[in-house]
Amino acid sequence: MLPALPGVGFKPDHFAAIRQDARGIGFFEIHAENYMGAGGLPHAQLAAIRADHALSVHGVGLSIGGARGLDGAHLDRLRRVCDRYDPESVSEHLAWSSHGADYLNDLLPLPYTEETLALVCDHVDQVQGVLGRRILLENPATYLCFAQSTIPETAFLAEVARRSGCGLLLDVNNVFVSCTNHGTDPRAWLADFPLHRVGEIHLAGHDAETLPSGPLLIDSHGAPVAEPVWALYAEVIAQAGPLPTLVEWDNDLPEWPVLAAEAARAGAILAARGARLAHAC
Ligand SMILES: [Fe+2]
């Protein structure tokens with residue numbers, strides 16, 4: 001288990017600064033696909049980080065929702081990363097990103113039907129069997145809905161967790177982005193979501209555009225966490241209690257103190273909730 005503290009995505013640009021001062025950072029998260037090579041500087045840096053910190057391995061390329069089955073070679077590469085670093089958490093997305101030999105650099109949405117539910121459960125079972133561990137599955141940021149969908153996203157995720165035994169990764173920014181794009185209420189989404197299954201939370205910044213049809217939010221991971229997302233996050237923590245919370249910042253990377261300050265803001269919300277829990281006891 002990851003500690004119920006703030007974490008950040010590890011970026012090589014920040015390596016020297018992290019070695020100087022990583023106070024308040026409870027864990028680091030990496031994208032598994034960046035560490036599937038055999039050696040070199042990436043592994044040397046990650047080994048140094050891992051020696052001192054809890055680690056989350058976050059896959060972005062398994063295509064768990066893919067219609068043609070998982071890529072066994074890619075799953076084996078993920079297994080090797082996990083065996084090498086023995087992370088406290090492994091996670092992937094409720095999305096697809098490859099079809100046959102075509103790999104797309106994006107996390108694409110699924111129709112939420114009984115057919116895709118069975119397929120995703122089968123794939124999560126397969127991943128957990130190969131890795132020999134429970135994984136967390138993350139709610140996606142989406143920009144369209146399928147007319148074929150018959151199951152609400154929250155119920156779909158809850159059922160995947162129930163059938164497969166996996167945990168869930170709640171990306172609060174993704175909730176806000178998706179609900180804004182679809183004209184629905186993020187608080188209603190969260191009210192239907194099984195918070196007791198959550199093993200980690202993600203926060204991230206998004207970009208905003210205005211289309212003739214209305215606002216469009218893009219899950220860019222290239223900006224500070226937006227104020228409405230902080231508000232939703234505080235409500236989640238008030239309800240669920242302290243949970244490991246990652247600040248994702250992958251594009252237009254800021255200097256380390258800026259990212260550390262975002263993590264500290266999450267840490268203050270977690271600490272305030274933890275103090276109220278302690279007081280209640
Ligand atoms: Fe995320």
Side-chain angles (χ1 to χ4, degrees), residues 2 4-11 25-34 54-65 78 87-97 104-110 120 124 127 135-143 153-154 156-157 160-161 166-182 186 189-190 193-195 197-208 217-226 228-230 232-233 236-237 240 243-254 259 262-263 265-266 269-270:
L2 293 169
L5 294 168
V8 296
F10 168 60
K11 302 298 176 192
I25 305 298
F27 67 99
F28 287 90
E29 186 162 287
I30 57 156
H31 288 172
E33 282 72 10
N34 291 335
L55 182 68
S56 166
V57 168
H58 190 50
V60 295
L62 257 187
S63 195
I64 276 182
L78 177 61
E88 278 78 2
S89 176
V90 179
S91 50
E92 251 286 355
H93 301 82
L94 179 62
W96 65 279
S97 55
L104 307 160
N105 189 26
D106 217 330
L107 297 164
L108 298 164
L110 292 166
V120 168
V124 171
V127 173
I135 67 166
L136 306 179
L137 194 66
E138 178 176 351
N139 60 295
T142 57
Y143 307 91
E153 185 171 73
T154 47
F156 192 99
L157 284 159
V160 173
C166 77
L168 298 175
L169 195 168
L170 172 61
D171 189 316
V172 178
N173 181 61
N174 287 355
V175 174
F176 185 74
V177 165
S178 297
C179 289
T180 302
N181 290 341
H182 303 318
W189 192 101
L190 287 165
F193 186 74
L195 279 180
R197 299 271 193 189
V198 174
E200 183 185 347
I201 288 181
H202 275 181
L203 299 171
H206 58 253
D207 292 342
L217 301 186
I218 300 166
D219 180 33
S220 61
H221 294 195
V225 177
V229 175
W230 281 118
L232 284 175
Y233 170 64
V236 167
I237 295 302
L243 288 164
T245 300
L246 182 88
V247 177
E248 298 184 285
W249 200 322
D250 298 311
N251 300 302
D252 295 327
L253 208 58
L259 182 55
E262 289 280 279
R265 184 166 174 181
I269 292 168
L270 292 169

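Atoms within a ligand are numbered from 1 in the order they appear, just like the ligands themselves.
Neighbours of the Fe ion (ligand 1) restricted to protein N, O or S atoms under 2.8 Å: the count is 4.
Ser89 pairs in a side chain to side chain contact (heavy atoms under 4.5 Å, CB included) with only one of the listed residues (Val57, Leu55, Leu2), which is Leu2.
Side-chain contact, His58 with Glu138: a donor N or O sits under 3.5 Å from an acceptor N or O.
Taking CG of Leu137 as the reference point, atom CZ of Phe156 lies at 9.0 Å (rounded to 0.5 Å).
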Report the C-alpha distance between His206 and Val229 in whole Å, list the side-chain angles of each, state the deciding distance to 0.1 Å, and finish with yes or no for side-chain contact (heavy atoms from CB on, under 4.5 Å). CA-CA 10 Å; His206 58 253; Val229 175; 4.1 Å; yes

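The salt bridge (Lys or Arg N to Asp or Glu O under 4.0 Å) check on Glu88 picks up Arg50, with sequence neighbours excluded.
Residues Asn173 and Glu248 are not in side-chain contact: their nearest non-hydrogen atoms beyond the backbone lie 4.5 Å or more apart.
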